[in-house]
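A quick write-up on the structure given underneath.
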Amino acid sequence: MEEIVDGVNNISIADLHKKNRIQVSNTKKPLFFYVNLAKRYMQQHSEVELSALGMAIATVVTIAEILKNNGLAIEKKIATSTVDMRDESRGRPIQKAKIEIVLGKTENFDELMAAAAEEREAAESEDQS
């Protein structure tokens, strides 16, 4: 029991609110909002943690696959678990599936992001002329 108390006492606030964690919902934002946000987080922190519950798990997997297939990210860790929650409508406890995927930058991440930025700038200058 003392080990658990020590572990809880050693958790810092930073652990509870990671700056590079994206909690994905499949109802609040479009898919590419999360893809672009993950790119921005990887630029700032060199890795990003995507997490989701229940039906949003498929969205997290899709985001990870888009980033991997575009050569921007590599998988560092995938963890699955179940979380105990309360069913709001009935008030009874339920279990929800949870996934956490940690993605890191690829070696050529910065080059690919720079090339994409140049393409956007070129397209914008063509639109203005």
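Rounded to the nearest 0.5 Å, atoms OG (Ser51) and CD1 (Ile57) are 10.0 Å apart. Here Lys96 contributes atom NZ and Asp84 contributes atom CG; the two are 12.5 Å apart, rounded to the nearest 0.5 Å. The CZ atom of Phe109 lies 12.0 Å from the CD1 atom of Ile74; values are rounded to the nearest 0.5 Å. We find the CD-CD distance between Glu49 and Glu100 to be 4.5 Å, quoted to the nearest 0.5 Å. A distance of 11.0 Å separates OG1 in Thr62 from CG in Leu50, rounded to the nearest 0.5 Å. Distance CE/Met113 to CE/Met42: 7.5 Å, rounded to 0.5 Å.
Under the 4.5 Å side-chain heavy-atom criterion for ILVMFWY residues, no single connected hydrophobic cluster contains both Met55 and Ile63. Following chains of ILVMFWY side-chain contacts shorter than 4.5 Å, one can reach Val48 starting from Leu37, so the two form part of one hydrophobic cluster. Connection of Tyr41 to Ile101 is established within a shared hydrophobic cluster, with ILVMFWY side chains joined at heavy-atom distances below 4.5 Å, either directly or through further cluster members. Val83 is not connected to Val60 by any chain of hydrophobic side-chain contacts under 4.5 Å among Ile, Leu, Val, Met, Phe, Trp and Tyr, and they are in different clusters. Linking Ile, Leu, Val, Met, Phe, Trp and Tyr whenever their side-chain heavy atoms come within less than 4.5 Å puts Ile66 and Ile78 in one cluster.
Residues Gly71 and Thr106 come closest through the heavy atom pair O-OG1, 2.7 Å. The shortest heavy-atom contact between Ile94 and Arg86 is CG1-C, 4.4 Å. Shown here for Leu67 and Ala38, the closest heavy-atom pair between the two residues is CD1-CB, 3.7 Å.
Applying the salt bridge (charged side-chain N to carboxylate O under 4.0 Å, His left out) test to pairs two or more places apart or on separate chains, those with a residue in residues 25-48 are Glu47-Lys76. Among residues at least two apart or in separate chains, salt bridge (charged side-chain N to carboxylate O under 4.0 Å, His left out) pairs with a member in residues 58-68 are Glu65-Lys68, Lys68-Glu75.
No more than 12 heavy atoms of other residues, nucleotides or ligands shown are found within 6.0 angstrom of CD on Glu107.
Residues passing the side chain to side chain donor-acceptor pair (under 3.5 Å) test with Gln43, sequence neighbours excluded: none.
Formation of a donor-acceptor pair under 3.5 Å by the Tyr34 side chain with backbone atoms of Ser25 is found in this model.
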